[in-house]
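Nothing here was measured: the structure is a model prediction, and the numbers come from that model.
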Amino acid sequence: MRLLLIEDDDRIAGPLTEGLGRYGFTVDHVRTGAAGLADATAAPDLVLLDLGLPDMDGLDVCRSLRARSAVPIIMITARGEEADRIVGLELGADDYLAKPFGVRELIARIRAVTRRAGAPAYQPTGPAQGPAALPSAAGAQALGSLTVNRRTREVHLDGSEVALTPREFDLLAYLAEDPGTVYSRQQIMDTVWDPHFFGPTKTLDAHVAALRRKLGHPGWITTARGVGFRLTVPGGPATDEAAG
């Protein structure tokens, strides 16, 4: 799926392009509204449009794009005021995402927008995996006695529901995309939190500790020392590594 990213800040565009690329998207990046309008003639599948561009207002870019094409448009901007959201949507934008945001949230918005546009929902591949590696969002994934349902955002262990916070669920679901694979701390922070997250990385350790406690066994999430974390089924071969 080819995306056109119209964003003048390379500090945002670089990590965003890299993050989307890990999920199988092809991203064409331009820094001005004029370049975006010119590049849009190549018919991208979806446009990610910043409002604060150096040469023209992103709302004018949205208006021009919509006048010539039905391409789905998601506005990504630091402008969080209700008036900006209303104007953007009335001009023809399909969705509006305020910065900062996570890559997984953006991908969910892309899938929702493409469904509404009548195109088949795009299925991301997951970082450095394959098309079949990501469990179906429509069904439940069973991992031993643990079940993760992405459609209902419910987790059950031995038949009983486990109450998780939204971030804890996102972390568990991400690690469960490829059980046994070690995800680096940076990969997890970029995907479950945000590529531009500037808070303490200890927040990841706190969420891992909370998940281990709620799942009742530290072996569900093992530590690859100096690298990151992976999801394992307690009692399996991967649980020989330290869980702490």
Backbone of [Y] reached by a side-chain donor or acceptor of [X] within 3.5 Å:
X	Y	value
Asp55	Ala34	yes
His207	Arg167	no
Thr17	Ala13	yes
Arg212	Ile221	yes
Arg31	Asp10	no
Asn149	Thr152	yes
Thr232	Thr222	no
Arg66	Ala93	no
Arg68	Leu37	yes

Are side-chain heavy atoms of Phe25 and Leu5 found at a separation under 4.5 Å?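 A side-chain contact is absent here, since even the closest heavy-atom pair is not under 4.5 Å.
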Is any side-chain heavy atom of Arg185 less than 4.5 Å from a side-chain heavy atom of Phe229?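 In short, these two side chains touch, coming nearer than 4.5 Å.
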Would Lys214 and Glu168 count as a salt bridge (charged side-chain N to carboxylate O under 4.0 Å, His left out) if you check the C-alpha gap in whole Å, the side-chain angles of each, and the deciding distance to 0.1 Å? CA-CA 10 Å; Lys214 291 183 177 183; Glu168 289 167 356; 2.7 Å; yes
What is the distance from atom OG1 of Thr147 to atom CD of Glu154, rounded to the nearest 0.5 Å?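 Here the interatomic distance stands at 11.0 Å.
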Using 0.5 Å steps for rounding, measure from the OH atom of Tyr23 to the CD1 atom of Ile110.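 Rounded to the nearest 0.5 Å, the OH-CD1 separation comes out at 12.0 Å.
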Taking the six-membered ring for Trp, are Tyr174 and Tyr183 closer than 6.0 Å centroid to centroid?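 Yes, the ring centres sit under 6.0 Å apart.
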I'd like to know whether Asp170 forms a salt bridge (charged side-chain N to carboxylate O under 4.0 Å, His left out) with Arg153, so could you lay out the CA-CA distance, the side-chain angles of the two residues, the decisive distance to 0.1 Å, and finally the verdict. CA-CA 9 Å; Asp170 290 341; Arg153 294 183 65 85; 2.9 Å; yes
Verdict with supporting geometry, Thr203 and Met189, side-chain contact (heavy atoms from CB on, under 4.5 Å): CA-CA 9 Å; Thr203 188; Met189 294 300 297; 4.0 Å; yes
For a side-chain contact (heavy atoms from CB on, under 4.5 Å) check, start with the C-alpha distance between Ile76 and Ile12, then their side-chain angles and the critical distance, and finish with the verdict. CA-CA 11 Å; Ile76 52 171; Ile12 295 174; 5.8 Å; no
Option among Asp45, Thr26, Asp28 that satisfies the side chain to side chain donor-acceptor pair (under 3.5 Å) test with Arg2: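 That would be Asp28.
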